[in-house]
Amino acid sequence: MPQNFFCNLPDRSLQGKPARITLFVGAYGSGKSEVSVNFAIWLAHHVKQPGQKVVLCDLDTINPYYRSADARAILTREGIELIAPIYANTNIEVPAVPAAIFSVFDNESILAVLDIGGEDLGARVVGSLRDRMAGQDIALNVVVNPYRPATDTPEGIQMTVDALAAAAGLQLHGIVDNANLLELDNQPHLIDTLPIVARASQLTGLPLLFATTLGRNELLIQAFERLAAVAKESPAALAATKLPILTMTRSIHYPTDPFALV
Amino acid sequence: MSNRVLMKGNEVIAEAAVRAGCRHYFGYPITPQTEVMHYMATRMAEVNGTMLQAESEVAAINMVYGAAAAGARVMTTSSSPGISLKQEGISYIAGAELPAVVVNVVRSGPGLGGILPAQGDYFQATKGGGHGDYRNIVLAPASIQELYELTVEAFNLSDRYRMLTMILGDGALGQMMEPVEFRDVEPIENVAKPWALTGRKGRSEHNTVTSIYIEADVMEAFNNKLQAKYAKVTENEIRVECVDCEEPEIILTAFGLVSRICRNVMQLAAKEGIKVGLIRPITLWPFPSQTYAEIAAKPSVKAFLDLELNCGQMVEDVRLAVNGAKPVHFHGRTGGNLPTQHEILEHIRTLAGRNA
């Protein structure tokens with residue numbers, strides 16, 4: 001049974017019982033890896049029961065850079081097991097699907113997050129695992145950042161979703177709104193672009209599962225309240241104001257973020 | 001909605017080229033810059049342009065030669081080993097005085113090297129690379145926004161001087177994402193190209209694009225003409241950013257992304273009471289030698305510290321420019337590693353005599 005998320009008013013933090021195996025696909029650079037890492041941390045904190053463990057699988061076969069294996073130290077600290085290609089984060093570029101991935105299908109005490117590579121090319125990995133996923137409790141979610149050029153319109157998001165679903169060979173479950181410009185306070189950006197993502201949700205028939213924010217959740221709550229006050233005519237916008245929020249920490253960048261613009 | 005979008009350096013190179021009027025792109029895939037070609041495959045179709053994956057880097061650079069000779073705005077991109085393969089073509093383009101844009105998203109070397117960021121191609125970019133007495137204009141952006149602006153400017157400079165302009169980036173700049181706004185940097189210039197091979201069109205003489213001169217005196221006259229052009233570029237086109245260079249104790253100098261690490265270190269040093277300035281060359285050729293000489297003459301300046309992702313390349317130009325007025329030290333990292341803020345600060349403390 002795929003997840004049914006809700007928010008815990010008034011702080012809007014993500015609640016619910018997710019599928020045992022959650023996959024994140026998306027356009028190139030949509031933030032799949034960052035969402036995967038933070039979703040795995042959320043599982044470890046809020047969902048994991050005694051006797052269970054959380055496993056994050058880095059299945060990005062598209063790009064050797066900025067991948068969830070970069071967050072190895074944080075994941076270890078959170079007690080999350082990382083399954084990644086042996087050459088991830090080295091000078092060798094041989095992205096391959098690690099054999100250890102099959103353990104997540106066989107071992108029912110594992111809560112798994114699968115971080116899939118970008119675009120339809122990356123989503124083909126899902127197709128290759130389709131037989132193993134038959135009958136499993138899985139949810140295939142698409143991560144959308146409306147500030148990325150290919151997904152900055154509802155129609156663009158719809159095209160992306162269609163291409164990903166075709167390549168994965170599986171029905172998508174829902175949309176994660178990861179609106180951001182890689183800045184700490186993404187709340188205004190999230191609010192500005194909610195209508196685009198909400199419309200894409202209507203066009204694709206995929207529910208909007210949750211949104212992400214970096215840092216200060218309370219600003220977002222205030223912004224949602226202001227939005228709710230003016231969104232009474234628009235059911236889509238009003239629904240969006242009830243969106244659960246996954247508060248994230250940036251984990252995938254150079255260790256000391258040396259390039260931060262001052 | 002904000003006018004900014006979130007884009008990766010490689011995507012911005014491609015988008016900037018299209019916005020600058022480039023309608024011909026020839027390339028061959030190599031990490032860490034393959035996204036340029038990926039983006040071009042879609043984008044060139046939208047603007048009725050040509051994106052062609054050549055059979056090799058050598059083929060791609062010669063396709064650039066052909067398109068440039070016909071007067072088109074044209075670009076190729078690659079990474080270090082691929083740029084080495086293009087050097088013969090680059091020399092021919094210089095010899096034929098053709099405008100073209102070449103982007104090098106540098107990876108670590110020598111040889112096959114690695115896919116992580118480096119700056120080991122400074123010598124190759126600024127001192128030749130190919131054969132003969134020629135120069136390329138070399139631009140070194142330090143952010144994704146500047147990558148956009150300088151890529152557009154590269155096309156303008158190329159057309160204005162009939163020269164090859166190279167963007168020297170690195171693997172991190174190509175792969176990282178930052179917000180970018182595609183504002184009009186300056187009106188895209190439409191330089192007339194009466195020399196281009198577009199058919200005789202009723203003229204009494206046909207145009208010729210060549211780099212072969214049979215007679216020694218004619219060849220020498222051509223070399224002199226090139227040198228006069230390079231002198232004009234040096235006079236008009238030097239770009240450099242100086243930060244806190246009024247009365248500094250220590251001057252950091254770096255190009256590209258390393259300059260951003262330096263900016264953070266400058267704040268840390270200020271907290272310890274060490275006044276640190278930064279000279280960031282934006283044009284690596286022509287090199288801003290005069291700026292270095294002027295700042296080296298300031299009585300407050302004790303020493304220069306040059307930082308690069310190589311074993312010491314730009315530092316040779318810094319030393320020529322400083323000309324012994326002050327000591328010039330070097331701090332380099334290679335293999336894809338970056339200097340940490342802490343290790344740079346340690347070096348600054350030593351130079352400033354502030355080590356406990």
Side-chain angles (χ1 to χ4, degrees), chain A residues 27-31 33-34 62-67 70 87-95 118-122 144-153 156 159 163 178-183 186 188-197 250 252-262, chain B residues 1-8 10-12 14-15 30-32 34-35 38-39 42-43 107-108 112-117 142-145 171-182 243 256-268 335-344:
Chain A
Y28 193 55
S30 54
S33 297
E34 199 68 90
I62 296 300
N63 194 320
Y65 307 97
Y66 296 105
R67 51 192 308 147
D70 291 4
Y87 292 117
N89 309 107
T90 72
N91 248 331
I92 302 173
E93 188 189 4
V94 191
E119 308 289 318
D120 45 345
L121 282 174
V144 170
N145 181 357
Y147 286 92
R148 290 282 293 152
T151 52
D152 57 356
T153 62
M159 278 177 63
N178 186 41
N180 77 91
L181 281 166
L182 272 180
E183 290 163 352
N186 72 323
H189 306 139
L190 183 62
I191 297 294
D192 280 357
T193 54
L194 257 177
I196 294 172
V197 184
R250 270 189 79 184
I252 300 171
H253 50 63
Y254 279 96
T256 55
D257 207 5
F259 305 136
L261 282 170
V262 293
Chain B
M1 188 170 164
S2 161
N3 289 325
R4 297 178 303 164
V5 287
L6 185 64
M7 285 177 80
K8 170 172 270 236
N10 287 332
E11 297 168 340
V12 166
E15 181 62 30
I30 178 171
T31 307
T34 303
E35 293 88 353
H38 191 151
Y39 191 93
T42 312
R43 196 70 173 93
R107 52 193 257 177
S108 67
L112 188 56
I115 59 173
L116 295 171
S143 69
I144 305 296
Q145 183 67 43
L173 193 67
Q175 290 297 324
M176 67 196 265
M177 285 198 197
E178 282 184 323
V180 58
E181 185 181 348
F182 292 114
V243 185
L257 281 181
V258 182
S259 67
R260 286 169 59 167
I261 309 177
C262 293
R263 281 168 173 265
N264 291 342
V265 174
M266 287 161 73
Q267 291 196 334
L268 299 177
N337 287 317
L338 305 170
T340 64
Q341 296 180 28
H342 178 74
E343 73 186 57
I344 299 172

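Residue numbers start from 1 in every chain, and the chains themselves are labelled A, B, ... in the order their sequence lines are given, proteins ahead of strands. A quick note: this is a predicted structure, and the numbers were derived from the prediction, not measured.
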Closest approach of B:V5 to A:L181 (non-hydrogen atoms, all atoms of both residues): C-CD2, 3.7 Å
Nearest atoms (heavy-atom pairs only) where B:M177 meets A:G29: CE-CA, 3.1 Å
Rounded distance (nearest 0.5 Å) linking atom CG of B:L6 with atom CG of A:D152: 11.5 Å
Region of A:N145 that comes under 4.5 Å of a non-hydrogen atom in chain B: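 Side chain of A:N145 only, per the 4.5 Å heavy-atom cut-off to chain B.
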Contact check, side chains of B:E11 and A:Y28, non-hydrogen atoms, under 4.5 Å: yes
Chain A contact via B:E15 - which portion, at a heavy-atom distance below 4.5 Å: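 It is neither, since no heavy atom gets under 4.5 Å.
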